K.L.:
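A single structure is presented below for examination.
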There are 2 protein chains.
Amino acid sequence: MPAKDAFAIGALSAETGVNIETIRYYERIGLLRKPARSAAGYRLYQAGDVARLCFVRRARDLGFSLEDVRRLLALADRKSRSCEAAKEIAEAHLEAVRAKLADLRQMERVLAATVKACGSGTVPDCPLLGALGRLA
Amino acid sequence: MPAKDAFAIGALSAETGVNIETIRYYERIGLLRKPARSAAGYRLYQAGDVARLCFVRRARDLGFSLEDVRRLLALADRKSRSCEAAKEIAEAHLEAVRAKLADLRQMERVLAATVKACGSGTVPDCPLLGALGRLA
DNA sequence: TGTTGCGTCTGTAGTCGCTACAGGCTGTAC
DNA sequence: GTACAGCCTGTAGCGACTACAGACGCAACA
């Protein structure tokens with residue numbers, strides 16, 4: 001018996017800001033459990049599903065992979081007192097973020113310098129293209 | 001008539017640091033032109049191909065999309081005196097890089113704070129999981 | 001009672017930039 | 001001759017969606 005306050009996928013999408021197709025995708029890959037269905041086959045969600053999907057969205061916003069999200073969800077479900085496992089996941093991810101940050105900063109520096117070298121575009125032999133390499 | 005100093009794909013890969021499969025991929029999508037072939041069908045490259053592929057690699061290292069790389073290559077080929085078009089591409093990309101940088105910095109801040117809140121993992125009710133949202 | 005128009009369904013294919021096979025041919029060294 | 005590395009094509013997989021096509025459901029309004 002689906003509760004009275006059940007709602008369809010469009011409402012869940014609106015509530016969480018997660019695309020409808022993405023919600024179905026999450027279900028397909030087993031990140032979200034399969035919801036109840038109406039007689040016509042419509043997915044029927046409840047308040048708990050909103051919370052769960054918001055959790056996923058926040059984790060995704062923080063850049064966690066879906067695999068990480070899956071693990072974090074499992075941990076949150078288990079309500080284990082200590083959060084060592086969660087912390088491990090987050091720390092590993094934080095390191096990855098910092099590595100990517102360093103890469104991007106480097107890119108930014110080089111790009112900015114290169115663009116600047118181009119000045120107003122009146123330089124003969126574009127230094128930007130030159131920086132990438134002479135062809136033949 | 002392929003020049004005497006022609007070499008196969010493995011050498012091009014070693015020379016440029018670009019994976020063999022990636023080179024073939026670049027050729028398939030038309031980023032690199034099709035090289036001459038030996039009697040047995042082996043790809044035969046020349047010095048110019050090394051320069052070209054290095055150009056691609058540097059651009060990729062700077063985060064340009066393959067579509068951007070394609071355009072930059074075309075510009076470099078045209079040897080047009082002014083580099084306005086190249087500058088436009090680079091500036092647009094630089095902006096995208098900066099946007100991503102801002103995103104990542106935000107992620108880093110939140111993640112670092114969250115991990116820190118977890119402390120040594122002895123806190124009851126993991127604040128990390130809590131930050132993502134209560135389930136049920 | 002239509003019919004309009006949106007919402008939802010499934011299933012498949014496309015995106016980006018590779019990467020990894022499988023299964024076969026080539027070229028060289030011993 | 002035979003072992004073994006290198007090369008070939010073609011296809012499928014990755015992550016995380018996104019975008020259809022084509023069919024059905026449902027509520028409102030004339």
Side-chain angles (χ1 to χ4, degrees), chain A residues 2 6-32 34-45 49 53 55-73 89 92-93 96-97 100 103-104 107, chain B residues 2 6-32 34-45 49 53 55-73 89 92-93 96-97 100 103-104 107:
Chain A
F7 41 85
I9 199 167
L12 181 62
S13 171
E15 205 72 20
T16 58
V18 177
N19 198 318
I20 289 180
E21 319 256 27
T22 306
I23 296 172
R24 288 200 277 246
Y25 168 69
Y26 286 168
E27 183 189 324
R28 199 162 63 244
I29 65 168
L31 192 66
L32 302 179
K34 308 196 170 187
R37 297 285 185 136
S38 76
Y42 283 28
R43 288 168 180 80
L44 293 179
Y45 296 98
D49 296 315
L53 189 48
F55 183 104
V56 172
R57 198 169 92 71
R58 266 179 235 124
R60 290 291 301 133
D61 284 350
L62 287 176
F64 285 104
S65 71
L66 288 181
E67 201 39 53
D68 281 349
V69 175
R70 194 191 299 273
R71 288 194 210 110
L72 290 171
L73 268 176
I89 292 170
H93 177 51
V97 166
K100 196 169 281 177
D103 279 2
L104 266 186
M107 275 187 207
Chain B
F7 42 85
I9 199 168
L12 180 62
S13 170
E15 205 72 20
T16 58
V18 177
N19 197 318
I20 289 180
E21 318 255 28
T22 305
I23 296 173
R24 288 200 276 248
Y25 169 69
Y26 285 168
E27 182 189 325
R28 199 161 63 244
I29 64 168
L31 191 66
L32 301 179
K34 308 196 168 188
R37 296 285 185 139
S38 76
Y42 283 29
R43 288 170 181 80
L44 293 180
Y45 296 98
D49 296 314
L53 189 47
F55 183 103
V56 172
R57 199 169 91 70
R58 267 181 233 122
R60 290 291 301 133
D61 284 349
L62 287 176
F64 285 103
S65 71
L66 289 181
E67 201 39 53
D68 280 349
V69 175
R70 193 192 299 272
R71 289 195 209 108
L72 290 171
L73 268 177
I89 292 171
H93 177 51
V97 166
K100 196 169 279 176
D103 280 0
L104 267 186
M107 275 187 207

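Naming convention: chains lettered A, B, ... in sequence-line order (proteins, then strands); numbering from 1 in each chain. It should be emphasised that the depicted structure is a prediction, and the values quoted were computed from it without experimental measurement.
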K.L.:
Counting side-chain heavy atoms from C-beta on, which of C/dT10, D/dT9, D/dC17 comes nearest to A/Tyr25?
P.N.:
D/dC17

K.L.:
Between B/Lys34 (NZ) and D/dT9 (P), how many Å, whole number?
P.N.:
9 Å

K.L.:
Without decimals, in angstroms, what is the distance between B/Glu21 CD and D/dG6 P?
P.N.:
14 Å

K.L.:
Any donor-acceptor pair under 3.5 Å between the side chain of A/Tyr42 and the base of C/dG7?
P.N.:
yes

K.L.:
Rounded to whole Å, please give me the gap between CZ in B/Arg28 and C1' in D/dC7.
P.N.:
15 Å

K.L.:
Whole Å only: how far is the CD1 atom of A/Ile23 from the C1' atom of D/dA16?
P.N.:
15 Å

K.L.:
Nearest to the side chain of A/Thr22, heavy atoms from C-beta on, is which of C/dT8, D/dG25, D/dC17?
P.N.:
D/dC17

K.L.:
Compare every heavy atom of B/Tyr45 with every heavy atom of B/Glu27, then report the nearest pair and how far apart it is.
P.N.:
OE1-OH, 3.9 Å

K.L.:
Rounded to the nearest Å, what distance is computed from the CD1 atom of residue A/Ile9 to the C1' atom of nucleotide C/dC6?
P.N.:
15 Å

K.L.:
Output the single nucleotide from D/dG25, C/dG17, C/dT8 whose closest atom is nearest the side chain of B/Arg60.
P.N.:
C/dG17

K.L.:
I want to verify a distance call: between D/dC17, C/dC18, D/dA19, whose nearest atom is closest to the A/Leu66 side chain?
P.N.:
D/dC17

K.L.:
Under 4.0 Å, heavy atoms only, any strand: does B/Phe64 hit a base, just the sugar-phosphate, or nothing?
P.N.:
nothing

K.L.:
What nucleic acid atoms does B/Ser38 come within less than 4.0 Å of, heavy atoms only: base, sugar-phosphate, or nothing?
P.N.:
nothing

K.L.:
So which of A/Val56, A/Leu31, A/Leu12 actually passes side-chain contact (heavy atoms from CB on, under 4.5 Å) with A/Ile23?
P.N.:
A/Leu12

K.L.:
From CD1 of B/Ile29 over to P of C/dG14, roughly how many Å is that when rounded to an integer?
P.N.:
16 Å

K.L.:
Between D/dT18, C/dT8, D/dA16, which nucleotide gets closest to the side-chain atoms of A/Arg24?
P.N.:
C/dT8

K.L.:
A/Arg37 CZ to D/dC24 P: how many Å, rounded?
P.N.:
16 Å

K.L.:
D/dC24 P sits how many Å from A/Arg43 CZ, rounded?
P.N.:
17 Å

K.L.:
Just compare D/dT18, D/dC26, C/dT10 and give me whichever is closest to any side-chain atom of A/Ala40.
P.N.:
D/dC26

